[in-house]
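Proteins come first, then strands; the chains are lettered A, B, ... in the order of their sequence lines, and each starts at number 1.
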Protein chains: 2
Amino acid sequence: MKLDSDHLEILAVIVEKGGLTEGAEALGKSQPSVSRTIAFLQDRVGMPLFEPGRRPLRPTELGQSLARIGAQIRSLNQEASQLLTRYRAGHAGRLRIGGTPIFMDGVISTMVADFQAHEPDVQIDQSYGYLDELLTQLRNGALDLAIAPLSPSMTPKDMEFTPVLAGRNVVACRASHPLIRRGAITMDDIRPYQWISPPENSPLYLDLQLALRSIGQENFRVNFSGGSLASILSVLVGSDSLTVLPYSVVFMSRKTMGIDALPVKIEHPARRLGIIRPKDRSGPPSAAQFASFLTSELARLQARMDHEQQVTRRRG
Amino acid sequence: MKLDSDHLEILAVIVEKGGLTEGAEALGKSQPSVSRTIAFLQDRVGMPLFEPGRRPLRPTELGQSLARIGAQIRSLNQEASQLLTRYRAGHAGRLRIGGTPIFMDGVISTMVADFQAHEPDVQIDQSYGYLDELLTQLRNGALDLAIAPLSPSMTPKDMEFTPVLAGRNVVACRASHPLIRRGAITMDDIRPYQWISPPENSPLYLDLQLALRSIGQENFRVNFSGGSLASILSVLVGSDSLTVLPYSVVFMSRKTMGIDALPVKIEHPARRLGIIRPKDRSGPPSAAQFASFLTSELARLQARMDHEQQVTRRRG
DNA sequence: AATGTAATATAGCTTCAAGTTATGAAACTC
DNA sequence: GAGTTTCATAACTTGAAGCTATATTACATT
């Protein structure tokens, strides 16, 4: 004996509103329509759902019980509609993001926290990877959105790249480092110090090599390598070691961690940090939501960094 | 954006079963049917519920979420079906019974307890009343079933009366009463004792008067009146007072309370205790269930009473 | 008791989702 | 790349759901 859920919902409304006429109005249907629906349901049930021969239609006990269930079904149905509405507007759903480790830890995680303050019902699954892996995952649907450094001209045809930050790298050290507050820094000044190195398979490692070559230091001593950002910063703060990091990462944690960038110009590849999304698949609406949030937040961050740099340049 | 609950249920089954074909089978529908239903739902939703271009059909996150709600709706729907089935078989629902106070308290309440051991989901609302009130309530639907003494020939045309017990009244006293275990009892033996009287508006009060007149005692002293059965029995057990009660009531509580019936024949009206139900309205199925339970239980009680009486008669 | 009013039921019709079978298309397997 | 499985589409029938118009019935009122 399968009952129609719609019928139970209609029954619930009628019982709640206390009559066919009012119930029909609340449902946005005509009175005869719901009358016949109830007659139909009553037929199927085989017993009266309303006391017979009563004009302000009063439910029987069975009618009441079924109406109670109908009301629950109704509320679940509404929950579904609401979920859908929120999902479509990007206010609900799961969002899978991925990016290069250092940048995710150093910059994006803060933005994620801000985003979730606005959108508590968007669940974010974060994962790490380098460009090729990220692209693969974007293509096979394992990822909705990636954040990575990429040279705009190298963007794959099936991807859309939105640059959000300059990709400038800097030499970072602790704020109390002897080289800080020196006017100009020469290669000889830097040579004595040891280096913290990112994992050897990471793009940042190549950046480090490139950077050091650009200031004429081919050989360098590494005293720590392979750690993620938290470890790198810990070692950086606890020693006079140097390392190469995106300026945005240094900028974000310079106050809280007590680190700074040396006023040395190093070379870096023509890459920009940005958001990568598949062109064909639109992904969940929350992806667009998050992307636009990131874009505007990172634009503000870029502005703050630009401002700081001007001030520093004037002072120095 | 109102979604069809049926669609959500179908979605839930498909997601659970892991495919259209299996889902359709589980639903007892053809595969094209559910396919089109899903297509329809997907249209309404406006976003994919399943990953496009995947053959063992895999739901998207939105599809999963909606399916979860659909599963809940489905289980509620099944709950409704089950409720209906149980209700129709008389295994669920509320049952409103009414009857004369002494008999309800003394006999029926025990039966109710037994009944509820078998049918825990039948909620019984008990109320008290005398014949006229009971009939009124049966007629206006405030009561599903009444239990009262009634002379079968006086049964109203719109009611069905099922006699279940002889209406014999007896003179009751405590088991330790001086008159118990005397061979024959005369009017003079009884005369000195005081009487416990039921409420003056009760039929049992008339029975008491009739009974005493029948043994030649016109004037009688009343030392307690108006109480319900529990009080009457308390006073009875705590004193040498006498009273008139249906034999069935005495029989039920003779062991536990320590009361007994005097071996005196008293007159009583030609009434039988029975179940009264309206002829037209069938009432809830649990009424029939309860009525048949009562009938058989009280038949057994009658047999036990008959047996006891034979034994007593042989002995006496 | 008659009558007026409000509420529900019925009639007759149209529309469209849901069901069917038959068949086409696509993705996975090996 | 051939075969198998799985899903989608086509073409059609059926019946529930919706509507308007109207009849019926219970309650209220005098």
Rounded to whole angstrom units, what separation is found between the CD1 atom of Ile38(B) and the C1' atom of dT6(D)?
15 Å
Measure from the side-chain N and O atoms of Ser286(B) to the backbone N and O of Leu95(B), and report whether any donor-acceptor pair falls under 3.5 Å.
no
For Thr155(A), what residues pass the side-chain contact (heavy atoms from CB on, under 4.5 Å) criterion, not counting sequence neighbours?
Leu150(A), Met159(A), Phe161(A)
Residue-level proximity of residues 10-21 of chain A to DNA chain D when a heavy atom falls under 4.0 Å
none
Which donor-acceptor pairs under 3.5 Å do side chains of residues 19-26 of chain B form with protein atoms, sequence neighbours excluded?
none

So what is the end-to-end bend of the helix from dA1(C)-dT30(D) to dC30(C)-dG1(D), with 5 pairs used at each end and the value given to 10 degrees?
50°
Say whether, by atom type as modelled, one donor and one acceptor occur between the side chain of Asp144(B) and the main chain of Arg96(B) under 3.5 angstrom.
yes
Gap between atoms CZ and P, on Phe40(B) and dT9(D) respectively (whole Å)
15 Å
For Phe103(B), ring pair (Phe, Tyr, Trp, His ring centres under 6.0 Å) partners two or more places apart:
none
Give a yes/no answer on whether the side chain of Ser35(B) brings an N or O atom under 4.0 Å of OP1 or OP2 in dA8(D).
yes
For the side chain of Arg271(A) and the backbone of Pro152(A), is there at least one donor-acceptor N/O pair under 3.5 Å apart?
no
Does any N or O in the side chain of Ser202(A) come within less than 3.5 Å of the main-chain N or O of Pro198(A), such that one atom is a donor and the other an acceptor?
no
Please tabulate the protein-to-nucleotide N/O contacts below 3.5 Å involving nucleotides 21-29 of chain D, giving atom names and distances.
unit_1	atom_1	unit_2	atom_2	d
dT25(D)	O2	Arg55(A)	NH1	2.6

Give a yes or no on whether the backbone of Val45(B) and the side-chain of Arg88(A) come within a donor-acceptor separation of less than 3.5 Å.
yes
Arg58(B) has an atom CZ; how far is it from atom C1' of dC7(D), in whole Å?
16 Å
Quick note, ring-ring contact (aromatic ring centres under 6.0 Å, His included) partners involving residues 5-32 of chain B, not counting sequence neighbours, are His7(B)-Phe40(B)
Could you give the start and end, 5' to 3', of the contact zone on DNA chain C for chain B, using atoms under 4.0 Å from its heavy atoms?
dA17(C) to dC28(C)
Which side-chain N or O atoms in residues 118-132 of chain A pair as donor and acceptor under 3.5 Å with protein atoms at least two apart or in another chain?
unit_1	atom_1	unit_2	atom_2	d
His118(A)	ND1	Asp114(A)	O	3.0
Glu119(A)	OE1	His91(A)	ND1	2.9
Glu119(A)	OE2	His91(A)	ND1	2.8
Glu119(A)	OE2	Gln289(A)	NE2	3.4
Asp121(A)	OD2	Arg86(A)	NH2	2.8
Gln123(A)	NE2	Asp125(A)	OD1	3.0
Gln126(A)	NE2	Tyr128(A)	OH	3.1
Tyr128(A)	OH	Asp105(A)	OD1	2.6

Hits for side-chain contact (heavy atoms from CB on, under 4.5 Å) against Glu200(B), two or more places apart or cross-chain, chain-then-number order -> Tyr205(B)
Side-chain heavy atoms of Met111(B) within contact of Leu298(B), under 4.5 Å:
yes
From CZ of Phe50(B) over to C1' of dC7(D), roughly how many Å is that when rounded to an integer?
11 Å
When you measure from every atom of DNA chain C, which of residues 72-82 of chain B have a heavy atom less than 4.0 Å away?
none
With a 4.5 Å limit on heavy-atom distance, are the side chains of Pro156(A) and Arg139(A) in contact?
yes
Do the side chains of Lys2(A) and Glu9(B) get close enough for a salt bridge, i.e. N-O under 4.0 angstrom?
yes
Quick test of your reading: applying ring-ring contact (aromatic ring centres under 6.0 Å, His included), list the pairs with at least one residue in residues 48-68 of chain B, sequence neighbours left out, ordered by first then second residue.
none
Length of the line joining Asp43(B):CG and dA8(D):P, which is rounded to integer Å:
12 Å
